[in-house]
K.L.:
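Have a look at this one before I ask anything.
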Amino acid sequence: MCGRFAASASTEDLIDLFGIEEVADPAVASYNLAPTDPIPAVLDRLEADAGAPMRTLVSPRWGLIPSWAKDPSGAARLINARAETIATKRSFSGSLSRRRCLIPADGYYEWTPKVESGRTVKQPWFLHPREGLFVMAGLYAWWREPGTGAWLLTATIITTQASDALGHIHDRMPMTIAPADWDAWLDPRLTESQCALPLLATPEDLSVHAVSRAVNRVANNGPELVLPVADVPAT
DNA sequence: CCAGACGTTGTT
DNA sequence: GTCTGG
DNA sequence: CCAGACGTTGTT
DNA sequence: GTCTGG
């Protein structure tokens with residue numbers, strides 16, 4: 001699955017790569033993004049006067065809160081949405097039809113148990129493309145706070161069964177969208193979920209290496225978190 | 001019809 | 001063991 | 001995802 | 001909001 005990731009591209013990088021027209025929230029580099037954190041996301045917003053959609057850089061909280069939720073307390077739970085069932089699950093189907101986004105990342109983390117000095121510790125791994133950004137498929141939702149009327153934007157990352165190459169690390173992995181399909185994936189006017197689903201792609205040829213357990217603690221951050229560590233433990 | 005749920009992950 | 005916070 | 005907390009009363 | 005269960 002995907003429960004922690006790194007995203008360090010600058011706002012300028014993302015403007016160039018995705019053709020961003022409006023920056024609602026600038027990108028903030030982080031090498032330790034955790035559930036409930038603001039994460040970078042690209043979406044196409046429909047203008048009120050119904051022209052072409054406006055490609056916008058936003059910063060939703062990670063963990064989708066459906067618009068009908070009574071309170072936002074479940075946010076840390078819906079950090080992933082299973083590709084196999086998003087079209088029929090009530091928490092996601094509306095977002096799949098009309099609120100799809102892209103989440104640009106450097107790569108993501110997974111953990112495996114490891115015995116060290118007789119104790120079991122959680123060994124983190126960093127999974128990432130050999131070059132370029134890892135553009136994850138996401139869904140978003142708007143939730144309105146009853147008291148203040150303030151709007152809260154949240155998002156989730158779509159997952160699928162891990163490929164054999166990654167299965168020894170974890171049985172789930174995030175899905176991507178190929179650059180040629182970005183426009184269609186983001187277009188909120190394409191409301192047929194059956195048109196959107198085939199755009200979901202499986203990550204190919206990811207590189208995997210062990211990283212420091214410093215990433216386990218969410219307070220830690222910095223580019224050193226994604227660096228390989230010499231002591232590569234057996235799985 | 002109304003009431004109530006609506007999710008993923010890992011672990012056991 | 002299970003929930004909350006980050 | 002992992003780490004860390006998990007509670008009440010009365011008194012200061 | 002929308003679907004399922006009763």
Side-chain angles (χ1 to χ4, degrees), chain A residues 1-7 28-40 59-99 103 105-116 119-128 134 136-146 151-152 154-162 166-175 188 191-193 200 208 210-222 225-226 233 235:
Chain A
M1 57 103 50
C2 179
R4 208 78 76 79
F5 66 99
V28 177
S30 174
Y31 300 85
N32 202 352
L33 287 165
T36 70
D37 285 343
I39 60 174
S59 192
R61 270 176 50 182
W62 185 13
L64 188 135
I65 303 167
S67 61
W68 41 259
K70 290 184 183 67
D71 64 77
S73 61
R77 283 201 279 277
L78 304 187
I79 61 170
N80 295 133
R82 294 173 68 91
E84 299 92 326
T85 53
I86 37 176
T88 54
K89 293 295 182 182
R90 295 192 280 287
S91 294
F92 302 127
S93 60
S95 291
L96 178 65
S97 293
R98 305 180 53 88
R99 290 175 295 277
I103 298 166
D106 304 337
Y108 66 104
Y109 300 100
E110 293 290 3
W111 282 261
T112 59
K114 170 195 173 192
V115 176
E116 185 178 272
R119 296 177 180 233
T120 302
V121 298
K122 294 184 176 182
Q123 172 61 52
W125 305 79
F126 188 59
L127 302 88
H128 61 101
F134 188 52
M136 300 187 288
L139 304 175
Y140 66 92
W142 288 102
W143 183 80
R144 193 160 192 250
E145 192 175 336
W151 289 97
L152 178 64
T154 61
T156 192
I157 295 168
I158 298 174
T159 64
T160 189
Q161 183 170 11
L166 300 182
H168 67 290
I169 298 284
H170 198 73
D171 64 338
R172 304 291 300 173
M173 65 182 176
M175 299 202 79
T191 58
E192 284 298 320
S193 59
L200 288 165
V208 185
V211 294
S212 162
R213 287 195 345 250
V215 76
N216 292 19
R217 193 182 297 257
V218 294
N220 294 331
N221 210 329
L225 294 181
V226 304
T235 52

K.L.:
Within the 3.5 Å criterion, strictly below it, is a donor on A:Asn80 or A:Arg172 matched to an acceptor on the partner's side chain?
P.N.:
no

K.L.:
Would you say A:Glu84 has more than 12 foreign heavy atoms packed within less than 6.0 Å of its CD?
P.N.:
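Enclosed.
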
K.L.:
Kindly say whether the aromatic ring centers of A:Phe5 and A:Tyr109 come within a distance under 6.0 Å.
P.N.:
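Judged by ring-centre distance (under 6.0 Å), A:Phe5 and A:Tyr109 do not meet the cut-off.
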
K.L.:
What's the gap between B:dC2 and D:dG10 when it is taken at their P atoms, as a whole Å value?
P.N.:
49 Å

K.L.:
Using a heavy-atom cut-off of under 4.0 Å over every strand shown, decide if A:Tyr109 touches base, sugar-phosphate, or nothing.
P.N.:
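If one applies the 4.0 Å heavy-atom cut-off, A:Tyr109 turns out to touch nothing in the nucleic acid.
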
K.L.:
Which residues satisfy the side chain to side chain contact (heavy atoms under 4.5 Å, CB included) test with A:Thr120, sequence neighbours excluded?
P.N.:
A:Pro113, A:Val115

K.L.:
List, with names and distances, any nitrogen or oxygen atoms from the protein found under 3.5 Å away from nitrogen or oxygen atoms belonging to nucleotides 2-6 of chain C.
P.N.:
{"from": "C:dG6", "atom 1": "N7", "to": "A:Pro35", "atom 2": "O", "distance (Å)": "3.4"}
{"from": "C:dG6", "atom 1": "N7", "to": "A:Thr36", "atom 2": "OG1", "distance (Å)": "3.1"}

K.L.:
Within the distance-only criterion (no hydrogens, no angle test), does the side chain of A:Thr156 pair as donor or acceptor with the backbone N or O of A:Ile79 below 3.5 angstrom?
P.N.:
yes

K.L.:
Looking at every strand, decide which applies to A:Trp68 at a 4.0 Å heavy-atom threshold: base, sugar-phosphate, or nothing.
P.N.:
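Answer is base: heavy atoms of A:Trp68 come under 4.0 Å of a base.
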
K.L.:
Using a cut-off of 4.0 Å on non-hydrogen atoms, how would the nucleic acid contact of A:Asn32 be classed: base, sugar-phosphate, or nothing?
P.N.:
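Contact class for A:Asn32: none.
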
K.L.:
When the C1' atoms of B:dG4 and D:dT11 are compared, how many Å lie between them, rounded to an integer?
P.N.:
47 Å

K.L.:
Would the distance check show the side chain of A:Asp106 and the main-chain N or O of A:Tyr31 forming a donor-acceptor pair, the cut-off being under 3.5 Å?
P.N.:
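No; zero donor-acceptor contacts below 3.5 Å.
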
K.L.:
List the residues meeting side chain to side chain donor-acceptor pair (under 3.5 Å) with A:Ser193, not counting sequence neighbours, and say none if there are none.
P.N.:
none

K.L.:
Check the side chains of A:Trp125 and A:Thr112 for a donor-acceptor pair under 3.5 angstrom, ignoring hydrogens and angles.
P.N.:
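Indeed, the side chains of A:Thr112 and A:Trp125 share at least one donor-acceptor pair under 3.5 Å.
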
K.L.:
So, the side chain of A:Gln123 versus the backbone of A:Val211: is there a donor-acceptor pair under 3.5 Å, distance only?
P.N.:
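Yes: the side chain of A:Gln123 pairs with the backbone of A:Val211.
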
K.L.:
Using a 3.5 Å limit for the pairing distances, which stems of at least 3 consecutive Watson-Crick or G-U wobble pairs does DNA chain B take part in?
P.N.:
B:1-6 with E:1-6

K.L.:
For a quick check of understanding: with a heavy-atom distance under 4.0 Å over all strands, which category does A:Thr85 fall into, base, sugar-phosphate or nothing?
P.N.:
sugar-phosphate

K.L.:
Does either side chain, that of A:Ser30 or that of A:Asn221, offer a donor lying less than 3.5 Å from an acceptor on the other one?
P.N.:
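Distance-only check passes for A:Ser30 and A:Asn221.
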
K.L.:
For C:dC3 versus B:dC6, give the span between their P atoms, rounded off to a whole number of Å.
P.N.:
15 Å

K.L.:
If I pick the P atom on D:dG7 and the same atom on C:dT2, what distance separates them, to the nearest angstrom?
P.N.:
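Rounded to whole Å, the distance is 15 Å.
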
K.L.:
With a 4.0 Å cut-off on heavy atoms, is A:Thr88 in touch with a base, just the backbone sugar-phosphate, or nothing at all?
P.N.:
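It contacts nothing in the nucleic acid.
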
K.L.:
At a heavy-atom distance below 4.0 Å, which nucleotide of DNA chain D is the first touched by chain A, and which is the last?
P.N.:
D:dC1 to D:dG4

K.L.:
If you measure from the P atom in B:dA5 to the same atom in D:dA5, how many Å do you get, rounded?
P.N.:
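The same atom, P, in both gives a distance of 33 Å.
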
K.L.:
Checking A:Ser59 now: which residues fulfil side chain to side chain contact (heavy atoms under 4.5 Å, CB included) with it, not counting sequence neighbours?
P.N.:
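Residues passing side chain to side chain contact (heavy atoms under 4.5 Å, CB included) with A:Ser59: A:Asp25, A:Pro38.
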
